[in-house]
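Naming: A, B, ... by sequence-line order, numbering from 1 per chain. Model, not experiment: these values are computed from the prediction. What's counted below: heavy atoms across the whole structure, side chains too, no hydrogens, waters or symmetry copies.
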Amino acid sequence: MSEREAMYDPQKIEEKWQRRWDAERANEPDLDAPERPFYNLMMYPYPSAEGLHVGNLYAFTGADLYGRYRRLRGDEVFQPIGFDAFGIHSENYALKVDTHPMELIPANIANFTRQLRRAGIMYDWSHTVDTTDPGYYRWTQWIFLRLYEAGLAEKKEAPVNWCPSCKTVLANEQVIAGECERCGTPVGTRTLSQWFFRITEYADRLLENLEWIDWSETTKTAQRNWIGRSKGALLRFPVVVSGGMEPAAGSAAVSGKAASAASDRPTASTDASAPTIDVFTTRPDTIFGASFMVLAPEHPLVERVTTEERRGAVEAYREKVAATDLVQRKKADRSKSGVDTGARARNPATGQEIPIWIADYVLMEYGTGAIMAVPAHDQRDFEFAREFDLPIPVVVAPRQAAEAADDPADVAIEAGEEAVADTGDVLLVNSGRFSGTEAEEGGRAIVEWLAGDGLAEPRVQYRLHDWCISRQRYWGPPIPIVYCDACGAVPVPDEDLPVELPYVEDFRPEEGGVSPLARVASFYETTCPECGGPARRETDVSDTFLDSGWYFLRYPSTDADDRPIDDARTETWLPVDMYIGGEEHAVLHLLYSRFITMVLHDLDYLEFEEPYDRFRKHGLLIKEGAKMSKSRGNIVVPDEYMDRYGADVFRAYLMFLGPYQEGGDFRDRGIVGVERFLTRLWDSVSQAAEEGREGFPDEAVERKLHRTIRQVTGDFEGLSYNTAIAALMEYLNEARSAGRTPTLDEVRPLVVMLAPVAPHAAEELWEELGGEEPLFASAPGGGERSRNVWPEWEEELLHADEVEIPVQVNGKVRATIRVERGADRETVREAALADENVRRHLEGAEPLKVIHVPDRLLNLVIE
RNA sequence: GCCGGGGUGGCGAAACUGGCAAACGCGGGGGACUUAAAAUCCCCUGGGCUUCGGCCCCUGCGGGUUCGACUCCCGCCCCCGGCACCA
């Protein structure tokens, strides 16, 4: 071989091996009869027009390293990729460049595909998914229908952010400081009829399963926060009927139950037909301190209870609130506002009449949309009481203060400058017969007491809302429902799926909060599947998170066109063995896909209820200390680097720059380190191949090899790629320091361990070393299957006969001595005492204590 | 505010179950090769002191436990992420 040919030329070999992997269908496992199936999944990308971002590539490369590692260990690895191409992101971009998404998306997908192949990622291109393909979204619609049948999909009114300039609904994430992120117009609130999935029904299971699934802890925590379970009680406050109030027919939120008075508690004349205000509280123990009530301005009872003279003020306030966007309203640092309705409710514990206010700090969407205000023990209520001069009775006190009082039921404590919400070592005071009880216990007793009259019950409340899947947009799968005057909402029959999204020239969002599809008569005009009469299609499309809620179920079954998932394939490959993705999807996607999986399990379509056996998040890649973003102009385009250094060097650099699960900083300078490493490795292996010597002439190198195998294997298991690469570097340095050409036995395992990181170079070197079969280029489903070529280490070869151990005097290292491995305490102690520097520090004293950690350390303690 | 994850050389980072802090790499300094540069190779590289034997200091800050602490405990500071007028 001439010297010229022996040079490391990434471009040449990368293309060669990519072609060969394709030709031999190396990345396509036998989906029907795999020996050791392993489903290695990564979060599929949104195919943007800008092309593959280095952040995407970072994520995919890390997942690919794991897949390739499993493959080399003999697993048949299924590693698919797809494209999350529906959604507002694509649609907005299409609007901006004035090109139809149906034209844009295929070009973007082609570009992504080219880049991903170039990066040498081990995808099975015969099983991809494109969410905008009718062959895919047909089944997205099918899933909607299954939820609809199960009563888990319902249409209801809900307040949403509305941008009056863009004339569209905005997600909370698209509202920045009360303004539309695109045009800067202040955003308002609108109430629209929307489709919801009742994910709240699954809140408990979604929470409970987090106990056992093997996921990154941070991700589990994020989900727990998002679900937001609170334990407390539902309490009922009867409205005091005054002359002006007309009892009206009960609405959904009105409890029809009459409040009857308990015999041991002050009673009041309450009309049997009067409504009650239900509140949720986590602190039922503080009910004696509830000095007023607050309803959300949108609360259905507001109109009914408001007195005649307050009506004008209440209406004005409600209008003002309606004009405020949800994001702005939820800011905690705003000063409190509200108005008195003039109505009164009876505190069921004290029997006192307390005023009913409305205020925008109470949200209709959480709990019952109404609260009992306990200003002494809740900061928000406190601020409100201060603002409007409402009483602040103290009903909880530190044990010491409470016990010092003559009568805990009559303690004079002034409210301080803020609410005291502690639940630690506190007792109830001024709380009737519950005074003197420990707070938590008192709360339980109070609930039990009031429950006797139907005025209280224990309750668990979730922060999680039902999942709104309606989008008044164009670029998504139409929701498969038909509205018929005679039959109402009728699901589209399965055999009529897909409801195809028509090509619409003008797909701009519509003024009136309806989808652009509402302008397309040929789309919405249809006949009722039930009665055959004229009917109108639902014109909203579904959320992209529904597309991604099940894509991983589709991959193994993409060739089944008459059913969403093939049972046998699903049983073989699912649940996913390893899922790797970004923390930004810790809640939405990962929660929604768990929900969809659970529902399909309950409906008997799946045997498992959790979709991913293991989930690991990868970190964020930043650029010289700053987040990469278009506006900063510091986006790294991978193509340039792959052109200059080759895919292998680029992959190795991305994986070396920091711990994969924590992310890292992309700096141009750092890449030369791994380039040098791969070049040196290439040269050493080429020379070894040329000389062709076998064996392990050097004990130190052999030992280092076994240590390296142990280290690298563990690192791959834990996705610690940076230290795995460092270990390979160390081994190469050791092998080269022997001052001779390495032997074949010395470099073969090195090449295998390098293969997940730099698969093209490894294949080429493996071939050069005379590997009978390529590392990856044989289809795992054909020929010799489940081939395990990963090297193994031997315990007895890990250690030398002699070890170096530090000798400490009083915990400070004073010498390093060489002793036989496994030497006992006496031997080591004597060797240590022979050392001059050690003796000097002992100053002739006999050690009081000798700490000996075999083969690790000796510590002589003299004081 | 609550819940996570962090804070280690000039820089990116290592350090297993409490046992030699700084592996690996970048950058920097010196040298070899070269007419020269690049590339490559070798040596040095946390700070301070030194009689060149060594000695002292150092993992955000302050305490503690221990023969021994980057690691465990208590109290603080700062950075990143999630949640947040959530009753």
Side-chain angles (χ1 to χ4, degrees), chain A residues 216-228 230 232 279-283 286 294 329-334 336 359-363 365-374 378-381 383-384 421 461-465 583-584 586-587 617 619-620 622 624-625 627 653 656-659 661-674 676-677 679-680 683 710-711 714 720 722-730 732-733 736 804-816 836-837 840-841 847-853 855-863:
Chain A
S216 308
E217 207 46 52
T218 54
T219 314
K220 289 196 198 184
T221 306
Q223 292 215 345
R224 284 192 192 102
N225 286 346
W226 187 264
I227 295 169
S230 301
V279 302
F280 171 72
T281 178
T282 53
R283 296 291 306 277
T286 62
V294 186
R329 176 169 162 189
K330 289 186 193 174
K331 284 238 170 79
D333 49 4
R334 287 169 64 226
K336 296 284 178 289
D360 67 355
Y361 82 93
V362 174
L363 307 171
E365 65 199 61
Y366 185 76
T368 62
I371 61 160
M372 68 171 192
V374 184
D378 180 281
Q379 188 58 28
R380 296 152 301 177
D381 299 345
E383 284 163 20
F384 193 82
Q461 188 67 43
Y462 299 94
R463 201 201 71 93
L464 180 71
H465 295 340
E583 187 70 343
E584 68 274 18
V587 281
K617 60 135 193 172
L620 186 71
I622 57 173
E624 269 141 34
K627 225 175 185 167
Y653 174 60
F656 183 64
L657 54 70
Q661 296 190 71
E662 280 162 45
D665 199 344
F666 188 95
R667 281 162 202 265
D668 292 13
R669 288 197 308 208
I671 198 167
V672 303
V674 288
R676 286 174 193 156
F677 164 61
T679 307
R680 276 197 292 263
D683 292 343
R710 183 177 62 171
Q711 170 84 32
S720 301
N722 56 330
T723 49
I725 294 167
L728 295 176
M729 287 171 167
E730 274 188 71
L732 180 67
N733 291 346
R736 285 162 62 89
E804 265 192 359
I805 69 171
V807 179
Q808 301 181 332
V809 178
N810 288 333
K812 286 185 193 259
V813 180
R814 297 303 178 187
T816 313
E836 199 186 318
N837 202 37
R840 197 156 55 82
H841 282 276
L848 298 171
K849 217 169 172 183
V850 178
I851 313 282
H852 178 233
V853 185
D855 297 335
R856 300 223 59 154
L857 159 140
L858 185 80
N859 188 9
L860 304 169
V861 185
I862 56 171
E863 58 187 27

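Counting non-hydrogen atoms under 4.0 angstrom, A:Asp381 reaches nothing in the nucleic acid. A:Leu657 comes within 4.0 angstrom of the backbone, heavy atoms only, and of no base. Counting any heavy atom pair closer than 4.0 Å across all strands shown, A:Val850 reaches no nucleic acid atom. Residue A:Asp378 is classed as having no contact, given no heavy-atom separation below 4.0 Å to the nucleic acid. Residue A:Glu217 is out of contact with every strand shown, counting any heavy-atom pair closer than 4.0 Å. Heavy atoms of A:Thr679 sit nowhere under 4.0 angstrom from any nucleic acid atom. Using a 4.0 Å heavy-atom distance criterion, A:Phe656 is classed as a base contact.
Residue A:Asn837 comes nearest to A:Arg840 through the heavy atom pair OD1-NH2, 2.6 Å, listed as atom of the first residue, atom of the second, then distance. Shortest non-hydrogen contact noted between A:Gly369 and A:Val362 is O-CG1, 3.5 Å.
For the OP1/OP2 pair of B:C86 and a distance below 4.0 Å, the side-chain nitrogens and oxygens of A:Asn225 include no atom meeting the criterion. Contact check, A:Arg814 against B:C56: a side-chain N or O comes under 4.0 Å of OP1 or OP2. For the pair A:His841 and B:G54, the criterion of a side-chain N or O lying under 4.0 Å from OP1 or OP2 is not met. The phosphate of B:A84 has neither OP1 nor OP2 within less than 4.0 Å of any side-chain N or O from A:Arg380. For B:G68, neither phosphate oxygen OP1 nor OP2 lies less than 4.0 angstrom from any side-chain nitrogen or oxygen of A:Asn810. Checking the phosphate oxygens (OP1, OP2) of B:G4, no side-chain nitrogen or oxygen of A:Arg224 falls inside 4.0 Å. Contact annotation: A:Thr218 side-chain N/O to B:G81 OP1/OP2 distance is not under 4.0 Å. Between B:G27 and A:Arg667, no contact under 4.0 Å exists linking OP1 or OP2 to a side-chain N or O. The side chain of A:Lys812 places an N or O atom within less than 4.0 Å of a non-bridging phosphate oxygen (OP1 or OP2) of B:C57.
Side-chain atoms of A:Arg669 lie closest to B:G27 of the nucleotides B:C85, B:G27, B:G4. The side chain of A:Asn722 approaches B:A13 more closely than any other nucleotide in the set B:A13, B:C83, B:A23. Listed candidates were B:G4, B:C20, B:A84. Nearest to the side chain of A:Arg463 is B:A84. Nearest to the side-chain atoms of A:Asp360 among the listed nucleotides B:A87, B:G54, B:C85 stands B:C85.
Looking at A:Asp378, its side chain never comes within 3.5 Å of a backbone N or O of A:Ala373 through a donor-acceptor pair.
Where A:Pro659 and A:Leu857 each meet RNA chain B at their nearest nucleotide, the meeting point lying more 5' is that of A:Pro659. Heavy-atom distances to RNA chain B give each of A:Val672 and A:Asn859 a nearest nucleotide, and the one nearer the 5′ end belongs to A:Val672.
The CD atom of A:Gln461 lies 11.0 Å from the CG atom of A:Leu464; values are rounded to the nearest 0.5 Å.
The existence of a salt bridge linking A:Lys617 and A:Glu583 is excluded, since no basic side-chain nitrogen approaches an acidic carboxylate oxygen closer than 4.0 Å.
Base orientation for B:G60: anti, the chi torsion being more than 90° from 0.
Only the C1' atoms considered, B:C20 is 12 Å distant from B:G68, to the nearest whole Å. Only the C1' atoms considered, B:A21 is 10 Å distant from B:A14, to the nearest whole Å.
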>> Let's test your reading of the pairing rules: Watson-Crick or G-U wobble, both distances under 3.5 Å, then write RNA chain B as a dot-bracket string with ( ), [ ], | and dots.
In response: (((((((..(((......[....)))((((((.......))))))((((....))))..(((((..]....))))))))))))....
